[in-house]
Amino acid sequence: MGAQVTKQKEKRKLLTTQKKSLSQLQQNAGHVFPGSDYHPKDRKNWMSGLDPTKIPIHNIVWPGTHDSATNKIGIRFVSRPFAQCQSLSIYNQLVIGTRVLDIRIQEDRRVCHGILLTYNIDVVIKDIKKFLSETQSEIIILEIRTEFGHEDPPEFEKYLEEQLGEYLIHHDDHVFQKTVAEVLPKRIICIWKPRKSPAPKAGGPLWSSGYLKDNWIDTDLPSTKFESNLKHLSEHPPVSSRKYFYRVENTATPQADNPVLCVKPVTGRIHGYARLFIVQCFARAIADRLQIYSTDFIDGDFVDACVGLTYSRITEEKA
């Protein structure tokens, strides 16, 4: 018992040190970067607002959500706080500007986060279709994976093709160099990551797991996650020469050996440093590698930061 108490005291001390470190870095470095003062007039249509003929797919800084379909996960006030990573529905996330969705499912096609369950994938598909019907030039990256510890839903690839076929941007390495306008009227890059079923075939309507990479680390320490994100991002080539998407997640994860187990207060330790991360990407000369940037509990300011950097990139290209 005494050893556990000592361990927790050391952990709290380390957490306090890391919080102060990020806070001090923000005071010194600020939150100004190319495009940081840009705010889209209409987040629901921010790609349209930037001119789809001028936006190469690889140059977009895609605002994404982590564990996107968890707004109604588990039981409210009981188990939900331990697994909820988003408070908005899929539709409202898209309206606020989210363009990358992270969906976890189990064998019966219900969305899950670990052992906790929520609605059927049909709810996600319905929200996506509603958003697409109300917009004209917004492209979505839809990642769907079988959650760890679960089995793949039977014939799920066929299901996705039937439900989304008219919108699917077929796998093609040349897509990265195309503009948004050049892939329209197709609207979805769907990346299907089964655990045991065969991966999608090259050239087909779905993309395989190798086209969306990340380096997720399991920590509730904000500075540790912040620095890990920068380190791993630096190990990838610039977006202009990549033939895959790379994601950085501005999140922190509750740990089983820590008294604070709810997602919101833990991820809140890093949530406010999203713009600082972009500033540090420039300071370390790796801003040209940033592409998908995801967060828990997405908000308008996070979206604006991503859109602003995208605006800066395409403005520089036109100049």
Query raised in the report: Is there a donor-acceptor pair under 3.5 Å between the side chain of R275 and the backbone N or O of S36?
Result: yes

Query - pair P40-D304: side-chain heavy atoms closer than 4.5 Å - result: yes

Requested in this report: Spell out, yes or no, whether V175 and L142 are grouped together once hydrophobic residues are joined by side-chain heavy atoms under 4.5 Å, including indirect joins.
Outcome: no

Query raised in the report: Hey, quick one: are L309 and V307 part of the same hydrophobic cluster, counting side-chain heavy atoms closer than 4.5 Å, chains of contacts allowed?
Result: yes

Report summary line: Note: K54 and L50 closest approach over all heavy atoms is CB-O, 4.4 Å

Report task. Return the set of residues passing side-chain hydrogen bond (donor to acceptor under 3.5 Å, both in side chains) with K231 (not counting sequence neighbours), or none when no residue passes. Result -> E235

Requested in this report: Report yes or no: does Q93 contribute a side-chain atom to a donor-acceptor pair with the main-chain N or O of L88 at less than 3.5 Å?
Outcome: yes

Report task. Please report the closest heavy-atom contact between I60 and I55, naming both atoms and the distance. Result -> CG1-CG2, 3.3 Å

Query raised in the report: Quick one: side-chain contact (heavy atoms from CB on, under 4.5 Å) partners of E10, sequence neighbours excluded?
Result: T6

Query raised in the report: Is there a side-chain contact between T253 and V266, using heavy atoms and a 4.5 Å cut-off?
Result: no

Requested in this report: Please test L15 against K19 for side-chain contact (heavy atoms from CB on, under 4.5 Å), starting from the C-alpha separation and ending with a verdict.
Outcome: CA-CA 6 Å; L15 177 58; K19 286 180 176 179; 3.9 Å; yes

Query raised in the report: With no hydrogens and no angle check, is any side-chain donor or acceptor of R110 less than 3.5 Å from a backbone partner on L117?
Result: no

Query raised in the report: Is it true that Y167 and V183 fall in one hydrophobic cluster, defined by side-chain heavy atoms closer than 4.5 Å?
Result: no

Query - Minimal non-hydrogen separation, C262 against P254, with atom names - result: O-CG, 3.8 Å

Report task. Taking all heavy atoms of S68 and all of V100, pick out the closest pair and write down the distance. Result -> OG-O, 4.4 Å

Report summary line: Applying ring pair (Phe, Tyr, Trp, His ring centres under 6.0 Å) to H271 and not counting sequence neighbours gives none

Report task. Quick one: do I90 and V123 satisfy side-chain contact (heavy atoms from CB on, under 4.5 Å)? Show the steps, please. Result -> CA-CA 9 Å; I90 294 297; V123 175; over 6 Å; no

**Report entry** Separation between CH2 of W192 and CD1 of I144, rounded to the nearest 0.5 Å
**Finding:** 7.5 Å

Requested in this report: Return yes if some donor-acceptor pair links the side-chain N/O of R104 with the main-chain N/O of C112 below 3.5 Å, else return no.
Outcome: no

Query raised in the report: Residues two or more places apart in sequence or in another chain: which of them pass ring pair (Phe, Tyr, Trp, His ring centres under 6.0 Å) with F282?
Result: none

Side-chain donor/acceptor pairs under 3.5 Å, residues 285-292, sequence neighbours excluded:
residue, atom, partner, partner atom, Å
R289, NE, H236, O, 2.8
Q291, OE1, R242, NH2, 2.9
Q291, OE1, Y246, N, 3.0
Q291, NE2, H58, O, 3.3

Requested in this report: Find out whether I128 and L101 are in side-chain contact, i.e. whether some heavy atom of one side chain is under 4.5 Å from a heavy atom of the other.
Outcome: yes

Query raised in the report: At what distance, to the nearest 0.5 angstrom, does CD1 of I140 lie from OG1 of T135?
Result: 7.0 Å

Report task. State whether the number of non-hydrogen atoms from other residues, nucleotides or ligands found under 6.0 Å of K72 atom NZ is greater than 12. Result -> no

Report summary line: Correct closest heavy-atom pair for P200 and L206 would be CB-O, 3.6 Å

Requested in this report: Determine whether D122 and Y159 make a side-chain contact, defined as any pair of heavy atoms from C-beta on separated by less than 4.5 Å.
Outcome: yes

Query raised in the report: Is it true that a side-chain atom of Q86 and a backbone atom of F297 form a donor plus acceptor pair closer than 3.5 Å?
Result: yes

**Report entry** ring pair (Phe, Tyr, Trp, His ring centres under 6.0 Å) contacts in which one or both residues fall within residues 17-44, not counting sequence neighbours
**Finding:** Y38-Y311

Query raised in the report: Do the side chains of K225 and T251 get nearer than 4.5 Å, heavy atoms only?
Result: yes

Query raised in the report: Does any N or O in the side chain of N250 come within less than 3.5 Å of the main-chain N or O of T295, such that one atom is a donor and the other an acceptor?
Result: no

Report summary line: Nearest heavy-atom approach of S294 to R247 is OG-CD, 3.5 Å

Query raised in the report: Looking at E227 and R284, does any basic side-chain N land under 4.0 Å from a carboxylate oxygen?
Result: yes

Query raised in the report: Is the closest side-chain heavy-atom distance between Q27 and Q24 below 4.5 Å?
Result: yes

Requested in this report: Identify whether L160 and L132 are in the same connected component of the hydrophobic contact network (ILVMFWY, side-chain heavy atoms under 4.5 Å).
Outcome: yes

Query - Non-hydrogen side-chain atoms of V263 and Q84 separated by less than 4.5 Å - result: no

**Report entry** Shared-cluster residues of I75, by chain and number - hydrophobic side chains joined below 4.5 Å
**Finding:** V78

Query raised in the report: With a 3.5 Å cut-off and no angle check, do the side chains of Q136 and N45 form a donor-acceptor pair?
Result: no

**Report entry** Side-chain (T70) to main-chain (D67) donor-acceptor, under 3.5 angstrom
**Finding:** yes

Report summary line: Between the OG1 atom in T179 and the CG atom in L184, the distance rounded to the nearest 0.5 Å is 8.0 Å

Report task. Output all residues satisfying ring pair (Phe, Tyr, Trp, His ring centres under 6.0 Å) with Y293, sequence neighbours left out; order by chain, then residue number. Result -> F277, F302

Query raised in the report: Run the side-chain contact (heavy atoms from CB on, under 4.5 Å) check on L221 and K11 step by step: do they pass?
Result: CA-CA 9 Å; L221 296 172; K11 182 68 176 289; 3.8 Å; yes

Query raised in the report: Are more than 12 heavy atoms from other residues, nucleotides or ligands located less than 6.0 Å from atom NZ of K243?
Result: yes

**Report entry** From D172 atom CG to K178 atom NZ, the distance as rounded to the nearest 0.5 Å
**Finding:** 5.0 Å

**Report entry** Q8 side-chain N/O to D257 backbone N/O, donor-acceptor pair under 3.5 Å
**Finding:** yes

Report task. Measure the OG-NZ distance between S48 and K41 for me, rounded to the nearest 0.5 Å. Result -> 13.5 Å

**Report entry** K129 NZ: over 12 foreign heavy atoms closer than 6.0 Å
**Finding:** yes

**Report entry** Check: W62 side chain, I141 main-chain N or O, donor-acceptor pair, under 3.5 Å
**Finding:** no

Requested in this report: Find the distance between OG (S89) and CZ (F131) and round it off to the nearest 0.5 Å.
Outcome: 11.5 Å

Query raised in the report: Just by distance, do the side chain of E138 and the backbone of M47 share a donor-acceptor pair under 3.5 Å?
Result: yes

Query raised in the report: In the hydrophobic clustering that connects Ile, Leu, Val, Met, Phe, Trp and Tyr at side-chain heavy-atom distances below 4.5 Å, which members other than L261 occupy its cluster, ordered by chain and number?
Result: F82

Query raised in the report: Linking I/L/V/M/F/W/Y whenever their side-chain heavy atoms sit closer than 4.5 Å, directly or via other members, would Y119 and L94 fall into one cluster?
Result: yes

Query raised in the report: H170 versus P205: any side-chain heavy-atom pair under 4.5 Å?
Result: yes

Report summary line: D296 meets the side-chain hydrogen bond (donor to acceptor under 3.5 Å, both in side chains) criterion, sequence neighbours left out, with H66, T267

Query - All side-chain hydrogen bond (donor to acceptor under 3.5 Å, both in side chains) counterparts of K213, not counting sequence neighbours - result: none

Report task. Look at D220 together with R269 and state whether they make a salt bridge at an N to O cut-off of under 4.0 Å. Result -> yes

Report task. With sequence neighbours left out, write down each residue that passes side-chain hydrogen bond (donor to acceptor under 3.5 Å, both in side chains) with D108, or none if nothing qualifies. Result -> Q106

